[in-house]
Asker: 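One structure, as structure tokens, below. Some questions next.
In this text, all values refer to a predicted model and were calculated from it rather than measured experimentally. Numbered from 1 within each chain, the chains take letters A, B, ... in sequence-line order.
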Protein chains: 2
Amino acid sequence: MAIFDKGNNLSQRMTQALGRAIVCGEYDRNESLPTEAELCTQFGVSRSAVREAVKMLSAKGLISSRPRQGIRILPEEDWNILDPDLLQWSLESKPTLKVLHEFLQLRIAIEPEAAALAAKYASPTEIAAIAKSLERMRTATTPEEALEADIAFHVSVLYASNNRFYIRLRDFIQTALRVSINYTNPIKADHEVVVEEHGKVLLAVQNRNPERAKRAMLFLIDEALSFIEAALAKESQPQENSLA
Amino acid sequence: MAIFDKGNNLSQRMTQALGRAIVCGEYDRNESLPTEAELCTQFGVSRSAVREAVKMLSAKGLISSRPRQGIRILPEEDWNILDPDLLQWSLESKPTLKVLHEFLQLRIAIEPEAAALAAKYASPTEIAAIAKSLERMRTATTPEEALEADIAFHVSVLYASNNRFYIRLRDFIQTALRVSINYTNPIKADHEVVVEEHGKVLLAVQNRNPERAKRAMLFLIDEALSFIEAALAKESQPQENSLA
DNA sequence: AACGCCTATCCATCATACAAATAGAAGGCT
DNA sequence: AGCCTTCTATTTGTATGATGGATAGGCGTT
């Protein structure tokens, strides 16, 4: 019987189990993975389940499967790390400062530009959604609530950009925020100040001022980025530093 | 027997055929797709092949499959459009001006920042790769050669950013360049001028000047973006305008 | 040492059977 | 009639066995 628990159907659970194991480095990257048959016995499932899991993971660029060669892990640069599943698996295993840094480096490219696009193209409905998230931030009573509202704010800006590629990055931004909150929490000033700074983004979008929207969003992220870079510089000697 | 030809194994060909059909809008988004059994007879393959294709497409966020409900197309915002396959399929079907515009809007966020990061973090080897691509651009004798070198240049900058997320976007950039070339070709000035402008990016990276690298890269893309936006404004009355 | 042939071992594909989930119809209750 | 429950038929989910096809690596010949 299957030795795992989360997920709907067997193939999906198998996919998660295998995907996690690969991302976490439980298999040697230079060797082949166990054969289909071995995976069947190891996980206690049928070949159908294993094959379907393998297919799903190769659709995400994680592995390849060929006759006589077996199932092999592809070079990491082929992994579809913007895929929500892969993103999640990879963060469960190694949310190091370095990864957080890379997250922020991408956010700092995406979000200010998204805010500028929102200022240009957002519909009244989309602007209302941003305003609503901001209001949720303002009235939040618990840190969890505040985080969720914060995430909703950033996501609603992406939607307001009216660009499908920016919208597609909502999972990425969402994950980045959810993970990094543990780090950026200690530094952030009064919640009220944070809310006010978010408010500047909304205001610029409402006023149809792309430049100002970009700068306001940049400011929100840049603070966290500087902090992380300072932390990175500080830990250049201590080997490992993972938050868990 | 299978009614398609490209690809290695059957499941993959099936995946491509089905994926293309879905992206091209050959199935009603509100109805269920044909059942597994029907797809078997339609494509002349076994149920395993169909199921594996379905699994791969659902791994890309294109469809979902549940008992008694059948195979359904997911809302477009769940599609993993940053996945190389999906990107390709979707551009084969609808490379409209609008999509080109969205492409450029993302490039303008990503690439200048990538150039800045390259100026900060690129290794000598990575800088050499950029230089080599530039040289290939300079010495190109055919338009095809020039395009390939151009693509190599932009990709090498992404690699030089030393950020896995930027590197992951290489397929996106590559596709964007390859598709948009048909549009931007007419406007671009002398090839020599273009090469020179690319050279400014390299120079800034070599001089470890992130700000200048960012501006130089921005300049490269902004020109094309303005052109597309002008074209978009012009065609606001004419209904359809697709390049094929 | 270089080359081509062989073979054992993988995955690829197909076919079949049964289990599990559930949408929608059928029926019964108020 | 309207609502709730039950049942059933349909569709995917899972397991298994059989056969085909590709090929890495060994073996033998030159």
Side-chain angles (χ1 to χ4, degrees), chain A residues 1-19 21-22 27-74 85, chain B residues 1-19 21-22 27-74 85:
Chain A
M1 281 294 124
I3 60 173
F4 27 62
D5 34 23
K6 317 164 213 170
N8 306 315
N9 58 34
L10 193 54
S11 326
Q12 278 174 34
R13 278 174 289 162
M14 183 73 199
T15 304
Q16 300 234 335
L18 243 189
I22 291 170
Y27 293 106
D28 190 332
R29 300 222 173 158
N30 304 318
E31 304 266 326
S32 284
L33 260 63
T35 65
E36 274 185 11
E38 286 167 339
L39 288 172
C40 288
T41 59
Q42 283 177 25
F43 286 89
V45 300
S46 72
R47 259 184 16 253
S48 319
V50 170
R51 294 200 99 255
E52 286 172 8
V54 165
K55 289 295 179 186
M56 285 201 268
L57 292 180
S58 52
K60 293 180 189 296
L62 211 60
I63 57 181
S64 80
S65 166
R66 283 173 47 199
R68 178 66 219 209
Q69 187 195 11
I71 303 163
R72 301 183 80 100
I73 302 180
L74 288 175
D85 288 330
Chain B
M1 278 297 123
I3 59 173
F4 25 65
D5 36 21
K6 317 163 216 170
N8 305 315
N9 57 37
L10 191 55
S11 327
Q12 279 174 34
R13 277 175 290 163
M14 181 75 199
T15 305
Q16 299 235 336
L18 244 188
I22 292 171
Y27 293 106
D28 190 332
R29 301 221 173 160
N30 304 320
E31 303 265 327
S32 285
L33 261 63
T35 64
E36 281 181 0
E38 286 166 340
L39 288 172
C40 288
T41 59
Q42 283 177 27
F43 287 87
V45 300
S46 74
R47 230 185 113 201
S48 317
V50 171
R51 294 199 98 254
E52 286 171 8
V54 166
K55 288 294 178 188
M56 286 201 268
L57 291 179
S58 53
K60 294 180 189 296
L62 211 61
I63 56 181
S64 80
S65 166
R66 283 173 46 198
R68 180 66 222 211
Q69 186 197 6
I71 302 163
R72 300 184 81 102
I73 301 179
L74 288 176
D85 288 330

Asker: Calculate, to the nearest 0.5 Å, the distance between atoms NZ and CG belonging to A:Lys55 and B:Asn9 respectively.
Answerer: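 Between A:Lys55 NZ and B:Asn9 CG, I get 4.5 Å after rounding to 0.5 Å.
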Asker: Tell me if a side-chain donor or acceptor on A:Ser32 pairs with a main-chain N or O of A:Gln69 at a distance below 3.5 Å.
Answerer: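 Yes: the side chain of A:Ser32 pairs with the backbone of A:Gln69.
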Asker: Round to a whole Å and report the spacing from CZ of B:Arg72 to C1' of D:dT12.
Answerer: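 Distance check: B:Arg72 CZ to D:dT12 C1' gives 14 Å.
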Asker: On the nucleotide C:dC14, are OP1 or OP2 found under 4.0 Å from the side-chain N or O atoms that B:Ser46 carries?
Answerer: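 Yes, within the criterion.
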Asker: Using side chain to side chain donor-acceptor pair (under 3.5 Å) as the criterion, list what pairs up with B:Glu36, not counting sequence neighbours.
Answerer: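 B:Glu36 satisfies side chain to side chain donor-acceptor pair (under 3.5 Å) with B:Arg47, B:Arg51 once adjacent residues are dropped.
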Asker: Starting at atom CG of A:Leu33, determine the distance to atom P of C:dC11, rounded to an integer number of angstrom.
Answerer: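 Spelled out: CG on A:Leu33 to P on C:dC11 is 10 Å.
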Asker: Can you check the A:Leu10 CG to D:dT12 C1' distance for me, whole Å?
Answerer: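 Result: 13 Å.
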Asker: To the nearest angstrom, how far is B:Arg51 atom CZ from D:dA15 atom P?
Answerer: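 For the pair B:Arg51 CZ and D:dA15 P, the rounded distance is 11 Å.
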Asker: Starting from P on D:dT11, measure out to CD1 on B:Ile71 and report it in whole angstrom.
Answerer: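 Answer to the nearest Å: 11 Å.
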Asker: List in chain and number order the residues that pass salt bridge (Lys or Arg N to Asp or Glu O under 4.0 Å) with B:Arg72, two or more places apart in sequence or in another chain; answer none if no residue qualifies.
Answerer: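 In terms of salt bridge (Lys or Arg N to Asp or Glu O under 4.0 Å), with neighbours along the sequence ignored, B:Arg72 is linked to no residue.
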Asker: Got a donor-acceptor contact below 3.5 angstrom from the A:Lys60 side chain to the B:Lys60 backbone?
Answerer: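 No: the side chain of A:Lys60 does not pair with the backbone of B:Lys60.
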Asker: Expressed in angstrom and rounded to an integer, what is the separation of B:Leu39 atom CG from D:dT11 atom C1'?
Answerer: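 Going from B:Leu39 (CG) to D:dT11 (C1'), I get 12 Å.
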Asker: For a quick check, tell me whether the side chain of A:Ser48 and the base of D:dA15 share a donor-acceptor pair closer than 3.5 Å.
Answerer: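 Checked by distance alone, the answer is yes.
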Asker: Give a yes or no answer on whether the side chain of A:Glu38 reaches the backbone of A:Thr35 with a donor-acceptor pair at less than 3.5 Å.
Answerer: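 Yes, the answer is positive, given that a donor and an acceptor are paired below the 3.5 Å cut-off.
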Asker: What's the CD-C1' distance between B:Glu36 and D:dT11, to the nearest Å?
Answerer: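 Between C1' of D:dT11 and CD of B:Glu36: 8 Å.
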Asker: Output the single nucleotide from D:dG17, C:dC10, D:dT12 whose closest atom is nearest the side chain of B:Thr35.
Answerer: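 Of all the options, the side chain of B:Thr35 is nearest to D:dT12.
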Asker: Heavy atoms only, 4.0 Å cut-off, all strands: where does A:Ser32 land among base, sugar-phosphate and nothing?
Answerer: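 If one applies the 4.0 Å heavy-atom cut-off, A:Ser32 turns out to touch nothing in the nucleic acid.
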Asker: Quick one, which residues of residues 55-68 of chain A touch DNA chain C with a heavy atom under 4.0 Å?
Answerer: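 Per residue number, the list reads A:Ser65, A:Arg66, A:Pro67, A:Arg68.
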Asker: Please report the closest heavy-atom contact between A:Ser65 and A:Val54, naming both atoms and the distance.
Answerer: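 Nearest pair, atom of A:Ser65 first, then A:Val54: CB-CG1, 3.9 Å.
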Asker: In whole Å, what is the span from the CZ atom of B:Arg47 to the C1' atom of C:dA15?
Answerer: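 One finds 11 Å between C1' of C:dA15 and CZ of B:Arg47, rounded.
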